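FYI, side chains are in, hydrogens and waters are out, and symmetry mates aren't considered; it's all heavy atoms of this structure. Sequence lines set the chain letters: A, B, ... in the order given, protein chains first and strands last, and positions in each chain run from 1. As the structure is a prediction and not an experimental result, all values here were calculated from the model.
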2 protein chains.
Amino acid sequence: MTSAESGFRGIPGSAPAGGRQSPDEAGATLGLAARLRVAIPSVADRVAAELRLQLAEGLLLPGARLTESTISEELGVSRNTVREAFAELAAERLVIRQPNRGVFVASLGPGDIHDVYTVRRFIEVSAIRGGGSPERVAAVRAAVEEGRAAATADDEEALGTANQHFHGAIVAMAESRRLNTIMGQVLAEMRLFFHKATVDAHFYRSYLDDNEAICEALEAGQLERAADLLLAYLNRSEQKQRAVHGD
Amino acid sequence: MTSAESGFRGIPGSAPAGGRQSPDEAGATLGLAARLRVAIPSVADRVAAELRLQLAEGLLLPGARLTESTISEELGVSRNTVREAFAELAAERLVIRQPNRGVFVASLGPGDIHDVYTVRRFIEVSAIRGGGSPERVAAVRAAVEEGRAAATADDEEALGTANQHFHGAIVAMAESRRLNTIMGQVLAEMRLFFHKATVDAHFYRSYLDDNEAICEALEAGQLERAADLLLAYLNRSEQKQRAVHGD
DNA sequence: AATCCTCGGATTGTTCAACAATTCCTGGAT
DNA sequence: ATCCAGGAATTGTTGAACAATCCGAGGATT
């Protein structure tokens, strides 16, 4: 039980996961063909994916310590490999490395909350102002409906992810790989930290109408109005979060 | 000469460098004091810093291959450590990791150019619209003057960095740690790839007046006008870059 | 009693050496 | 010219070792 067999509970072979998904597109200058392979993720990547998962599930709470040797044994991989995974997660701000002390699940201070929302305001509002193709707008609509369904099903967890999908879909309208990954990281950071806020049953639920209104404005081509609504939404959301947490 | 002594040419002890500079602010939940240490960067961090430097200087051209063993020997560090440094750089997109093939200096395809400028449009324009404290505005002005000085001194290299400082200062107005690092990464990415464009002596020079105009509008409190100017600037800049490079 | 010091134990940082897996190149054989 | 070995080179991963650092527990000092 100490070694390999038990490792990697959830990971189903596939999982190109979150991290780096494009070992491509630069091959023009050198290599030539073949880059169309399935790209099997390295062990370090899979470890990172597993930890990301546990982080998202709330199994690892902010401030918790991640010991190299423990994870190394639990997942049946080398300590060195765990170390590489940590580097990945640290780059995504999901984890913080304190030299000679260890890595800890990231936790946001009051300043960070404002910071995160600043990033969201900049990116999301700009994105919605630029509008998007019909398919992208449809994706936003789909996220709204997804939230509705989760609400009637009383599934708070699904409600949270639907909300994330909504905001992800808004940014996706910009058709920018970089913006998408940035937004993805910010959302992951938030989900990680605001997990305990999910306890409040009506927390996300109150956002359903906002999302609906924003989506309608978007579909009607009233981009400025949609932008205003979104901005107000983000400001209100920030206030709520700051009320719930420290500050 | 094969081992340690020759390693780390430029690095002067200090160098908190670019990577992670905040092993802090999360300690609230657990530890307590002491976090005010100088935070000596790990070897991996210093290796990453050194490579970042070589990248910025244009010593390593896009598409070039970075062999683990070579760098390991050149800098007198373990292969494993080099590996960790690579992870850092890969997270910053300065380098691309191709599984089982190696890491290569990143190079931007035509799509990436548009992508990078999209990010810049989103962030920089939003930032300028929000304005900033007098000190921040003064920093923007300082960057403009820095560019002027570099122009009269005929120092193309300094002209480029001054331009980066200008745009960095604009984003800095938002007072957001995350936006600053994002912008820093994007600028690093650009500098890396557009290095050869520096050859064109009048490339950056033509931007001096633009920067001046933007700065004036900013100082006059005409934020919308400043935003419009900046947007036009970015669009023009993108066109130029796409003209110079592939597409 | 409170503070300071020292000493272990535990964990991280880093190196080294090995081996499997993969890619790339070269040299025939067809 | 194409295709198919086979071998060199490089990456991916492991395991073990050691120095450096941090942390907590006693003990000594005032």
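The listed nucleotides are D/dT13, D/dT10, C/dT11; the one nearest the side chain of B/Arg83 is D/dT13. Nearest to the side-chain atoms of A/Asn80 among the listed nucleotides C/dT11, D/dT13, D/dA16 stands D/dA16.
A salt bridge links B/Arg178 and A/Asp115; the closest N-O separation between the charged side-chain nitrogens and carboxylate oxygens is under 4.0 Å.
The nearest whole Å value for the distance from the CD atom in B/Glu73 to the P atom in C/dA17 is 12 Å. Between the CD atom of A/Glu68 and the P atom of D/dG15 there is a distance of 15 Å, given to the nearest Å. The nearest whole Å value for the distance from the CD atom in A/Glu84 to the P atom in C/dG13 is 14 Å. Whole-Å rounding puts the A/Arg97 CZ to C/dT11 P distance at 16 Å. Atom CG of B/Leu75 is separated from atom C1' of C/dT15 by 15 Å (rounded to the nearest Å). To the nearest angstrom, P of C/dT12 lies 16 Å from CD1 of A/Ile96.
A close approach under 4.0 Å does occur between a side-chain nitrogen or oxygen of A/Thr81 and OP1 or OP2 of D/dT14. Note on A/Ser42: a side-chain N or O is less than 4.0 Å away from OP1 or OP2 of D/dT13.
With DNA chain C read from its 5' end, the first of the two nearest nucleotides for B/Arg79 and B/Ala44 is the one closest to B/Ala44. Between A/Asn100 and B/Phe86, the one whose closest nucleotide on DNA chain D sits nearer the 5' end is B/Phe86. Across the interface with DNA chain D, nearest-nucleotide mapping of A/Val82 and B/Leu66 shows B/Leu66 to be the residue nearer the 5′ end.
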Salt bridge (Lys or Arg N to Asp or Glu O under 4.0 Å) evaluation trace for B/Glu238 with B/Arg120
CA-CA 10 Å; B/Glu238 177 181 352; B/Arg120 291 188 60 179; over 6 Å; no
Yes or no on side chain to side chain donor-acceptor pair (under 3.5 Å) for A/Gln54 and A/Glu50, after CA distance, side-chain angles and deciding distance?
CA-CA 6 Å; A/Gln54 296 194 10; A/Glu50 166 69 11; 2.9 Å; yes
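When atom types are taken as modelled, the side chain of B/Ser126 and the backbone of B/Ile123 share no donor-acceptor pair closer than 3.5 angstrom.
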